[in-house]
A.B. asks: 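Next up is a structure, given as structure tokens.
Naming: A, B, ... by sequence-line order, numbering from 1 per chain. These numbers were taken from a predicted model, which means no experiment stands behind them. Quick note: numbers below take in every heavy atom, side chains included, and nothing from hydrogens, waters or symmetry partners.
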There are 2 protein chains.
Amino acid sequence: MNKPARPAPKELKQNAASATVAEGLELAIHEHRLAPGTKLGEDEIGEIYGVSRTVVRSALQALAHEQLVQIERHRGAFVAQPSLREAREVFEARELLEPRTAHSAALRAVPEDIERLRRHIEDEHAALAASDSGRAVRLSGLFHIEISRIADQNTIAGFIETLIARSSLIIALYWRRESALCESHAHHALLEAIAANDAKQAEELMRSHLVDLHSALDLREKGAAPRSLKEALIGPG
Amino acid sequence: MNKPARPAPKELKQNAASATVAEGLELAIHEHRLAPGTKLGEDEIGEIYGVSRTVVRSALQALAHEQLVQIERHRGAFVAQPSLREAREVFEARELLEPRTAHSAALRAVPEDIERLRRHIEDEHAALAASDSGRAVRLSGLFHIEISRIADQNTIAGFIETLIARSSLIIALYWRRESALCESHAHHALLEAIAANDAKQAEELMRSHLVDLHSALDLREKGAAPRSLKEALIGPG
DNA sequence: GAACACAGTGTTGTATACAATAAGGATATA
DNA sequence: TATATCCTTATTGTATACAACACTGTGTTC
């Protein structure tokens with residue numbers, strides 16, 4: 001077993017200032033404080049963080065590369081609005097990648113991994129109890145990311161991270177109000193399978209969990225434009 | 001000599017200038033004209049392309065996001081040198097994703113897709129006949145990318161693109177001289193399966209092709225440092 | 001009254017200037 | 001001669017200035 005000896009809590013980004021701005025924006029998007037379509041003016045952000053447009057631009061370009069923001073030439077940066085097609089693609093990709101990582105994670109997990117996952121689930125419960133749905137979505141995503149980290153496949157984990165980031169936007173756009181946000185049960189079952197080193201079971205639970213998530217979205221063919229317009233109107237505030 | 005010579009107006013990126021620089025650097029890396037470890041000075045690149053450091057920095061950061069270059073704070077940008085571990089991860093990810101895209105491509109391919117693939121293979125032959133191994137590597141990668149495009153799954157296709165880009169670096173570092181670069185046979189078989197809409201066969205051929213590629217690399221455990229040092233010494237010139 | 005043209009304004013794209021840090025070399029000392 | 005320290009220099013990180021473009025509102029014309 002090759003010891004990577006590099007837990008890598010976060011990806012080491014090159015320039016600290018731009019990373020701070022990018023993380024701030026990313027968190028706001030994940031927690032649904034920034035709605036899809038929101039204009040992200042460079043001057044405005046720069047003033048908030050006390051940095052120049054140079055730094056802000058760097059951050060925005062990084063987020064654009066993850067497809068969290070869309071940059072239109074001479075028009076500016078906006079929080080991305082994934083299309084129905086992109087939404088479907090993102091979940092299909094997750095359904096391909098994540099069962100595999102759940103399998104590996106179940107084989108590799110050590111007690112401290114289990115402990116970390118358990119704490120995540122507790123936090124999710126707390127966020128749900130506090131009706132902080134933004135934070136709940138964020139934590140739910142982190143749970144999946146944590147599993148991919150345990151699988152010890154950084155490359156695939158990186159892909160999954162971007163997919164989960166985009167999923168956050170997809171949920172903001174297409175979540176069906178009528179379907180409850182009760183993932184913590186599925187997460188708990190997943191945790192048990194991983195704790196028991198039952199790889200087959202973990203893989204299958206992850207697959208069905210993702211299918212459930214996917215089907216809780218309203219991805220029927222229809223113009224997404226009116227919806228995004230509404231979002232844009234109530235979003236920026 | 002150093003004519004920027006814009007390659008193609010492929011994807012519409014946000015800022016044209018930085019995209020041109022990024023594409024030029026990326027092509028040079030793909031064709032092994034820039035060796036792993038080569039220092040990429042901002043002023044130097046800016047002078048070559050006739051743009052300011054602002055644009056160059058933007059391009060370098062984009063390439064860093066694809067992990068083609070590594071940026072070290074206050075030290076600069078260097079052509080990335082994937083570790084043994086990263087090399088293994090990249091090929092494991094390809095072995096997970098690409099058989100699936102080959103399957104889909106076989107189901108969806110229309111005659112003009114087949115024609116395009118056929119031309120690619122011809123170009124590969126021509127490059128090999130001309131002993132232009134850099135171009136051959138590049139074209140070989142493009143063949144795989146083309147298949148993922150036919151599969152019509154943009155999200156996964158994007159992942160595969162970055163994996164193939166990194167593969168180019170991995171080949172530059174770890175290719176075993178003794179193993180021949182005779183992929184065009186495998187590519188031809190793949191093309192036939194796709195043309196016949198034989199999805200199962202295409203999937204299996206892709207899988208075995210990737211395994212062959214993987215095993216043609218020298219990924220044994222050993223200090224990669226001396227090798228990269230040598231590369232660095234003869235690289236920049 | 002409607003449609004078009006045009007200029008004003010604000011935002012982004014790029015270049016340049018300045019600040020901060022790291023690498024390399026020279027000098028002095030043991 | 002080896003080593004350590006300081007200084008020089010080159011390169012990157014960030015801020016600011018200027019240029020180019022897009023949007024909006026007003027005025028004119030039919």
A.B. asks: Can you tell whether the side chains of B:Glu161 and B:Arg149 come within less than 4.0 Å, N to carboxylate O?
C.D. replies: yes
A.B. asks: Counting only heavy atoms not in A:Glu47, do more than 12 sit closer than 6.0 Å to its CD atom?
C.D. replies: no
A.B. asks: Please write out the pairs of protein N or O atoms and N or O atoms of nucleotides 16-19 of chain D separated by less than 3.5 Å, giving the distance to one decimal.
C.D. replies:
residue, atom, partner, partner atom, Å
D:dT16, O4, A:Thr54, OG1, 3.4

A.B. asks: For A:Tyr49, give me all partners under ring-ring contact (aromatic ring centres under 6.0 Å, His included), at least two apart in sequence or on another chain.
C.D. replies: none
A.B. asks: Pick from A:Leu163, A:Leu169, A:Ile164, A:Thr162: which one makes a side-chain contact (heavy atoms from CB on, under 4.5 Å) with A:Val90?
C.D. replies: A:Leu163
A.B. asks: Taking NZ, NE, NH1 and NH2 as the nitrogens, is one of them in A:Arg108 or A:Asp152 under 4.0 Å from a carboxylate oxygen of the other?
C.D. replies: yes
A.B. asks: Measure from the side-chain N and O atoms of B:His32 to the backbone N and O of B:Ser168, and report whether any donor-acceptor pair falls under 3.5 Å.
C.D. replies: yes
A.B. asks: Please report, rounded to the nearest Å, how far the C1' atom of C:dT14 is from the CD atom of A:Gln61.
C.D. replies: 12 Å
A.B. asks: Taking only side-chain N and O atoms of A:Arg57, does any of them lie within less than 4.0 angstrom of OP1 or OP2 on C:dT12?
C.D. replies: no
A.B. asks: One thing to verify: whether B:Glu42 and B:Arg53 come together as a salt bridge, which I'm taking to mean a side-chain N less than 4.0 angstrom from a carboxylate O.
C.D. replies: yes
A.B. asks: Give the rounded distance in Å between these two atoms: CD of B:Glu47 and P of D:dA10.
C.D. replies: 14 Å
A.B. asks: Measuring centre to centre across the rings, with the benzene-like ring taken for any Trp, is B:His120 within less than 6.0 Å of B:His187?
C.D. replies: no
A.B. asks: Give the rounded distance in Å between these two atoms: CD1 of A:Ile71 and P of D:dA22.
C.D. replies: 16 Å
A.B. asks: Provide, to the nearest angstrom, the distance between the CD atom belonging to A:Glu44 and the C1' atom belonging to C:dG10.
C.D. replies: 13 Å
A.B. asks: What is the separation between atom CD1 on B:Ile45 and atom C1' on D:dT12, rounded to the nearest whole Å?
C.D. replies: 13 Å
A.B. asks: Just the table, please: protein N/O against nucleotides 21-25 of chain C N/O, every pair under 3.5 Å.
C.D. replies:
residue, atom, partner, partner atom, Å
C:dA23, OP1, B:Arg75, NE, 2.8

A.B. asks: Assess whether a salt bridge exists between A:Arg85 and A:Glu89, defined as any Lys/Arg side-chain N lying under 4.0 Å from an Asp/Glu carboxylate O.
C.D. replies: yes
A.B. asks: Of A:Asp43 and B:Val51, whose closest DNA chain C nucleotide lies nearer the 5' terminus?
C.D. replies: A:Asp43
A.B. asks: Measure CD/B:Glu72 against P/D:dT12 and give the value in whole Å, please.
C.D. replies: 12 Å
